[in-house]
Amino acid sequence: MLKAVRTMLIIILNIIFYGLVVFGGVKLCQAGYSFAYDTMGDTSAELPPGQDKPFTVRESQDEYSVAESLEEQKLIKNKYSFYLRMKLQKDNKTSLKPGSYTLNTSMTYGEILDVIKG
């Protein structure tokens with residue numbers, strides 16, 4: 001009797017453990033896909049028409065602080081995916097152009113980069 005209870009307990013714990021492993025794997029894949037889509041897809045903070053907001057790139061600002069500022073003003077969804085997109089699209093000829101811009105919350109990451117890189 002005790003051996004049967006022990007065996008059942010082990011089976012139940014194994015089912016729970018492997019269920020949690022599968023659930024965690026699915027959630028990890030969803031998070032990875034979402035981040036990759038935000039980085040390379042047509043992601044925007046809001047659906048059109050969105051809101052126009054003023055945005056300033058200062059001379060001394062680096063790319064990461066620009067991504068932080070964009071997220072603070074709710075112009076982008078995720079500063080990390082935007083920063084990675086900025087790094088992936090970087091070439092030697094273009095860089096951030098200091099200045100004041102009017103950006104819309106429905107603009108995609110690519111459209112925002114086109115504007116702030118001149």
Side-chain angles (χ1 to χ4, degrees):
M1 173 78 171
L2 187 59
K3 189 173 184 175
V5 170
R6 183 174 180 256
T7 303
M8 287 300 289
L9 184 60
I10 289 173
I11 291 171
I12 290 170
L13 289 174
N14 276 330
I15 290 171
I16 291 171
F17 173 75
Y18 288 114
L20 289 173
V21 167
V22 169
F23 180 76
V26 168
K27 286 297 182 185
L28 186 64
C29 288
Q30 286 175 339
Y33 175 82
S34 178
F35 183 80
Y37 184 80
D38 284 349
T39 302
M40 297 310 295
D42 288 334
T43 301
S44 62
E46 290 182 4
L47 294 174
Q51 303 170 359
D52 287 337
K53 294 185 177 184
F55 184 76
T56 302
V57 177
R58 294 184 305 278
E59 187 78 39
S60 61
Q61 253 182 323
D62 65 342
E63 293 169 336
Y64 185 74
S65 64
V66 168
E68 283 181 324
S69 298
L70 286 166
E71 186 181 52
E72 286 170 8
Q73 292 188 21
K74 305 213 182 311
L75 289 161
I76 59 172
K77 286 174 38 174
N78 185 307
K79 64 184 171 190
Y80 302 113
S81 60
F82 184 82
Y83 177 71
L84 182 59
R85 173 101 177 232
M86 211 180 325
K87 286 297 193 183
L88 290 172
Q89 286 189 348
K90 187 174 186 175
D91 59 12
N92 295 331
K93 299 174 187 167
T94 61
S95 62
L96 295 175
K97 303 286 185 209
S100 295
Y101 305 99
T102 300
L103 301 177
N104 192 292
T105 56
S106 65
M107 292 174 78
T108 64
Y109 286 8
E111 292 170 337
I112 291 173
L113 284 171
D114 288 343
V115 170
I116 63 176
K117 284 189 171 187

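If you read the sequence from its start, that first residue is 1, and numbering goes on from there. Side-chain atoms are counted along with the backbone in the values below, which use heavy atoms only and exclude waters and symmetry mates.
Atom CD of Gln30 has more than 12 neighbouring heavy atoms from other residues, nucleotides or ligands inside a 6.0 Å radius.
Of all heavy-atom pairs between Phe35 and Asn78, the closest is CE1-OD1, 4.4 Å. In plain terms, the two heavy atoms of Ser106 and Pro49 that are nearest each other are OG-O, 3.3 Å. Heavy-atom minimum distance, Lys77 versus Glu71: O-OE2, 3.5 Å. Smallest separation of non-hydrogen atoms from Ser100 and Thr56: OG-OG1, 3.5 Å.
In the hydrophobic clustering of ILVMFWY residues, with side-chain heavy atoms under 4.5 Å counting as a link, Leu20 and Ile12 come out together. One hydrophobic cluster, built from ILVMFWY side chains closer than 4.5 Å, holds both Val57 and Val115.
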Yes or no on ring-ring contact (aromatic ring centres under 6.0 Å, His included) for Phe55 and Tyr101, after CA distance, side-chain angles and deciding distance? CA-CA 5 Å; Phe55 184 76; Tyr101 305 99; 7.4 Å; no
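Atom CG of Leu84 and atom NZ of Lys79 lie 14.5 Å apart (nearest 0.5 Å). Expressed to the nearest 0.5 Å, how far CE of Met8 lies from NZ of Lys3 amounts to 15.0 Å. Here the straight-line distance linking atom CZ of Phe23 with atom CG of Leu28 works out to 12.0 Å at 0.5 Å rounding. Annotation: the span from Ile112 atom CD1 to Thr43 atom OG1 amounts to 10.5 Å, rounded to 0.5 Å. The CG atom of Leu47 sits 9.5 Å away from atom OG1 of Thr105, with the distance rounded to the nearest 0.5 Å.
Side-chain contact between Leu103 and Gln73 is absent, with no heavy atoms from C-beta onward closer than 4.5 Å. Residues Thr39 and Arg85 are in side-chain contact: their nearest non-hydrogen atoms beyond the backbone lie under 4.5 Å apart. Taking the side chain as every heavy atom from C-beta outward, Met86 and Leu113 approach each other to under 4.5 Å. Using a 4.5 Å heavy-atom threshold, the side chains of Ile76 and Tyr83 count as separate. Counting heavy atoms from C-beta on, the side chains of Tyr80 and Tyr64 come closer than 4.5 Å. Two residues are said to be in side-chain contact when any heavy atoms from C-beta on lie closer than 4.5 Å; Lys74 and Gln51 fail this criterion.
Remark: side-chain polar atoms of Lys53 are not paired, donor with acceptor, to backbone N or O of Leu75 under 3.5 angstrom.
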